[in-house]
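Within every chain, numbering begins at 1; the chains are lettered A, B, ... in the order of the sequence lines, protein sequences first and strands thereafter.
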Amino acid sequence: MASSAPPHCSITSTKSYQNDHYPQNHLQNQHPNHHWRSSHNFSLGSSSPATRNAAKPGNAPLSRSPNFSSLSPLPSSKTELGADFRGRRSTRFVSKMYFGRQKAATGSRHTSVAEEVLERAIRFGGDEQTLETVLRSFETKLSGSDDYTFLLRELGNRGECSKAVRCFEFAVQREHKRNEQGKLASAMISTLGRLGRVDLAKSVFETANTEGYGNTVYAFSALISAYGRNGFCQQAIEVFESMKASGLKPNLVTYNAVIDACGKGGVDFSRTVELFDEMVRNGVQPDRITFNSLLAVCSRGGLWEEARNLFNEMVYRGIDRDIFTYNTLLDAVCKGGKMDLAFEIMSEMSEKNVCPNVVSYSTMIDGYAKAGKLEEALNLFNEMKFVGIGLDRVSYNTLLSIYAKLGRFEEALGICREMEGSGIKKDAVTYNALLGGYGKQGKYDKVKEVFEEMKAENVTPNVLTYSTLIDAYSKGGMHKDAMDIFREFKQGKLKADVVLYSALIDTLCKNGLVESAVGLLDEMTRGGIQPNVVTYNSIIDAFGRSATGQFQEDADDGVNELQPESLMHLDLEEAVECKVGDKEENNQVMRVFGQLADEKVRYSKEDTKRKSQEILCILGIFQKMHQLKIKPNVVTFSAILNACSRCNSFEDASMLLEELRLFDNQVYGVAHGLLMGCSEKIWLQAQSLFDEVKSMDSSTASAFYNALTDMLWHFGQRP
DNA sequence: GTAGGGTTAG
């Protein structure tokens, strides 16, 4: 049986982690199965020039640039499933408004007058007029753009957006040198970007260009960064292109900003590497931050091999690795589900004098939790406390969500108290975790109570709050409550996202309304919201179950409106725009919920004709996923294998299995091979596949295993 | 110009 230990990783060295801090017995108490160990012969893959350019034969990953072969995964004797197969959850980019970071005082060129003005502006500045007065009274003493740049940045750091803008306007009017005005504009754009005000950043940029001081590499770079950090990756890339078109040469900061935007915007690794290659071609040498941002691209996609190769490339180029490098690498490896390797990397950190911090621990803990190893995750929390690392907002929320998922609400509430004791107020993330936890346990009274508390505490629900609630109530068959929540969502200004749509689609699917679900899928795509693998998995699963529902033809309820066809074109956008009481009868989603609540949906009987149509539907969906470059994962495969088990003919099943081949020859090979009869070779491949599946969380693993054995059993009965 | 958490599929 193949080992789940990563290559190059020592399993013999037993030197304990951070011996000086750690009594051995503590380690044993906390880690019955797991000792931190430093492994001297561990390396993150090979970094010798002779082997770094070795290309992986055969099944190359999708995202790889031929121009950057050093980033290719190393040859592997062991078959590895793609990260996508592993069914890791998608991580959406959420704009974070954390803005409390003070800029280090190094290299600042402002005068002490600027600091005094800042202090006054904050202390007295209740409004812009006061700021104006302060600025005027110090006008002659403030020395040029450096002082004003300092001021507007610092005002920005304190969240004083309008004051920062006023300060910028004041300064730029009094400045006559174009390059100085340009400096002010770049600083303003960057500050607005940090404040999440991309709209203002863009208008400052445009004004600067109209006035003739905005056509600089700095202003472009600042705007790229503003777009990037706020999740507008496409715009960031467009600005980058327009910058080159206008004859400006991007510098290191520009490239770093655009590469970072790619990471935040979910751009393919291969596409991002093209930017990297372009950068190198143009003689701009990448630095630590370039690599850290590239690593972040890998971390989003769980591309742990690519991340490891990037790390080796840094070693090879002599670029220092800092805590960001390690934490981002750790995250990529954790998201790739390689917890053993992540563990080794964490050990190596201490050895290289890069001390794991609260982020390193949170990353590992989240990795363990997502792998279903909740006890390991909790042990790490204890260890973190033991080494004296305090918990912050993120780690408290991570811990809370673990307890909530486990249904250990006493402990979860204990964490809430501890949080508040440390002066951290419960935020939307905290409440969402509680709502999700209670929802999963079917404690709907608690769900209502917590949601009420959330409002009473003035914590604004976000889209995820609504998705969580709609999902919870729908799964509990409480369609009336789900409808109420959806109505409340519509009343707000929030925009539906892929998660909300997926939750609605899944509800429709679970109630047999697959056609309606497909209608909603079309609509979200039209509305510019990309479905993801989860969305498609719901639909494939529904088709695979051959449960096609339709509305009861009940004369009292207006027969024509209740035909399934009328639900083919659900329009959530329209639904979102219409206010409560305002033509609610035209709101299709609301109507579906209403019908579900009144139990007006019944299931049609399974019939052979329908089944073969559904197989075609599954194939169509699969092709659509392929077109959209959405890679199926283990859940998709399980759903398809389940559909195979329901096929009447071996030919139909083969057709579905053939589709698996499009994406993953290994899964296909094993499924097909086992179906055709076991040879020694197939059995070895199957062993390796099962090993890989075994490292996933237990419910995922057993779902896949059951789906496969069901399919084999189903056809094994036939001659 | 850089890192971690909450959600949807099984």
Side-chain angles (χ1 to χ4, degrees), chain A residues 87 89-92 94 96 190 221-222 224-225 228-229 251-261 263 287-296 299 322-332 334 357-367 369 392-402 404 427-437 439 462-472 497-507 509-510 531-542 632-639 642 696-697 699-704 706-707:
Chain A
R89 286 157 179 84
S90 60
T91 41
R92 253 170 22 117
V94 179
K96 286 176 181 154
S190 135
S221 302
I224 291 167
S225 156
R229 70 164 67 239
N251 64 16
L252 177 62
V253 173
T254 322
Y255 277 111
N256 285 351
V258 75
I259 287 173
D260 196 60
D287 68 352
R288 189 184 70 244
I289 291 176
T290 320
F291 275 94
N292 288 352
S293 293
L294 279 172
L295 280 166
S299 106
D322 63 3
I323 186 79
F324 285 78
T325 316
Y326 274 104
N327 285 348
T328 316
L329 173 66
L330 262 187
D331 195 38
C334 287
N357 62 8
V358 63
V359 176
S360 328
Y361 273 95
S362 306
T363 306
M364 287 293 289
I365 288 162
D366 187 58
D392 64 0
R393 172 180 299 282
V394 172
S395 38
Y396 270 122
N397 280 336
T398 308
L399 181 55
L400 177 83
S401 104
I402 292 172
D427 62 6
V429 178
T430 322
Y431 280 107
N432 290 350
L434 285 172
L435 293 169
N462 58 23
V463 192
L464 290 174
T465 316
Y466 290 108
S467 308
T468 305
L469 288 169
I470 289 171
D471 182 65
D497 67 354
V498 60
V499 177
L500 187 95
Y501 267 106
S502 299
L504 291 171
I505 285 172
D506 191 56
T507 300
C509 286
K510 289 283 188 311
N532 61 22
V533 65
V534 178
T535 327
Y536 281 107
N537 285 348
S538 286
I539 292 177
I540 290 175
D541 186 64
N633 60 22
V634 62
V635 182
T636 325
F637 293 136
S638 299
N642 282 329
M696 302 172 188
D697 70 283
S699 65
T700 302
S702 53
F704 179 76
N706 289 340

Have a look at A/T398 and say if it touches a base, only the backbone sugar-phosphate, or nothing, with a 4.0 Å heavy-atom cut-off. sugar-phosphate
For DNA chain B, which ranges pair as stems of 3 or more consecutive Watson-Crick or G-U pairs, with both donor-acceptor distances under 3.5 Å? none
Counting only distance, no hydrogens or angles, is the base of B/dA9 paired donor-acceptor with the side chain of A/N633 under 3.5 Å? yes
Who passes side-chain hydrogen bond (donor to acceptor under 3.5 Å, both in side chains) against A/T398, sequence neighbours left out? none
Got a sec, which residues hit ring pair (Phe, Tyr, Trp, His ring centres under 6.0 Å) with A/Y396, two or more places apart in sequence or on another chain? none
Which part of the nucleic acid, if any, lies within reach of A/S638 when heavy atoms closer than 4.0 Å are counted: base, sugar-phosphate only, or nothing? nothing
Contacts of A/A296 meeting side-chain contact (heavy atoms from CB on, under 4.5 Å) (sequence neighbours excluded), chain-then-number -> A/T328
Any donor-acceptor pair under 3.5 Å between the side chain of A/T363 and the base of B/dG4? no
By ring pair (Phe, Tyr, Trp, His ring centres under 6.0 Å), A/Y536 pairs with (sequence neighbours left out) none
Suppose we screen for side-chain contact (heavy atoms from CB on, under 4.5 Å). Which residues come up paired with A/S638, at least two apart in sequence or across chains? A/V634, A/F704, A/A707
Select base, sugar-phosphate, or nothing to describe what A/S502 touches, counting heavy atoms under 4.0 Å on all strands. base
What contact category does A/S225 fall into here, base, sugar-phosphate, or nothing, at under 4.0 angstrom with non-hydrogen atoms? sugar-phosphate
Distance in angstrom units between A/F324 CZ and B/dT2 C1', rounded: 5 Å
Any N/O donor-acceptor pair, A/D392 side-chain to B/dG4 base, under 3.5 Å: yes
